[in-house]
Amino acid sequence: DAGVTQSPTHLIKTRGQHVTLRCSPISGHKSVSWYQQVLGQGPQFIFQYYEKEERGRGNFPDRFSARQFPNYSSELNVNALLLGDSALYLCASSLDGRGGETQYFGPGTRLLVL
Amino acid sequence: AQTVTQSQPEMSVQEAETVTLSCTYDTSESNYYLFWYKQPPSRQMILVIRQEAYKQQNATENRFSVNFQKAAKSFSLKISDSQLGDTAMYFCAFMKRSEGAQKLVFGQGTRLTINP
């Protein structure tokens, strides 16, 4: 079975631009979470979605938004990019998004903002 | 808020040796889960081991085992008979068991190098 997939692999943007990152969960998984991993640090939680509804949001500005589609894939959007948004963006899927479920990660999208 | 601390930024051992990675956490929750994830240089995060806090028995997965000390809020990972493929960043993570967002709270990571 295919694991979590993310696209694109790498992305270069300039300050002020907008970016859309995409994620497809493991088949049968209904929950998707997004994390930001700045170089040299552990991942930080951005969003969790379950059944197309936002279940939770981390401490990120409103420039960050996301959505989940009927096929459970998800998009992360970031507006008005800042240099500090440069990071590895990880998507993780889990079966039902219930407490304690293992989250399975994709390979990530490396975003560089110039 | 929960916090996770990994006090060893880097570790290096010889192949076949045993190595222990430290992790402590701070929480007021009584029901929660703890995880160790591995992130090799290719960067895909892979689950190593999962522990349920209400279970006294320490989790094991082949060469990987944990020492879970709930009272001390400590969750260390032991890798036995280390292999070159174990070279990676290792992250300790916490997840509380409750309603709402099921988010992982990660530590800063430990970079482990296995030398031939």
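In what follows, every chain begins at residue 1, and chains take the letters A, B, ... in the order their sequences are listed. Values reported hereafter were calculated over all heavy atoms of this structure, with side chains retained and with hydrogens, waters and symmetry mates removed.
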Checklist entry - Does the side chain of A:Q41 reach to within under 4.5 Å of the side chain of B:Q108, using non-hydrogen atoms? => result yes
Checklist entry - Checking heavy atoms, do the side chain of A:Y50, its backbone, both or neither come under 4.5 Å from chain B? => result neither
Checklist entry - Tell me, side chain or backbone of B:Y32 under 4.5 Å from chain A's heavy atoms, or both, or neither? => result neither
Checklist entry - Near B:K78 NZ, under 6.0 Å, is it more than 12 heavy atoms from other residues, nucleotides or ligands? => result no
Next on the checklist: Applying a strict under-4.5 Å side-chain criterion to I, L, V, M, F, W and Y, I'd like to know whether A:L90 and A:V113 cluster together.
Outcome noted: no
Checklist entry - Can the ring centroids of A:F45 and B:F106 be said to lie less than 6.0 angstrom from one another? => result no
Checklist entry - Just checking, is any N or O donor in the side chain of A:Q37 or B:Q39 under 3.5 Å from an acceptor N or O on the other one? => result yes
Checklist entry - More than 12 heavy atoms of other residues, nucleotides or ligands under 6.0 Å from CZ of B:R50: is that the case? => result yes
Checklist outcome for this item: Separation between CD (A:E101) and CD (B:Q102), nearest 0.5 Å, reads 8.5 Å
Next on the checklist: Is it the case that over 12 heavy atoms from other parts of the model lie below 6.0 angstrom from the CG atom of A:N59?
Outcome noted: no
Checklist entry - Does atom CD of B:Q14 have more than 12 heavy-atom neighbours from other groups under 6.0 Å away? => result yes
Item to check | Residue pair B:M45 / A:P43: nearest heavy atoms and the distance that separates them | outcome: CE-CG, 3.5 Å
Item to check | Straight-line distance of A:R55 CZ to B:K103 NZ, nearest 0.5 Å | outcome: 14.5 Å
Next on the checklist: Take a 6.0 Å sphere around CZ of A:R15 and say whether it holds more than 12 heavy atoms from other residues, nucleotides or ligands.
Outcome noted: no
Checklist entry - So which heavy atom on A:Y35 is nearest to which on B:L104, and how close? => result OH-N, 3.0 Å
Item to check | Greater than 12 external heavy atoms within 6.0 Å of A:L114's CG | outcome: yes
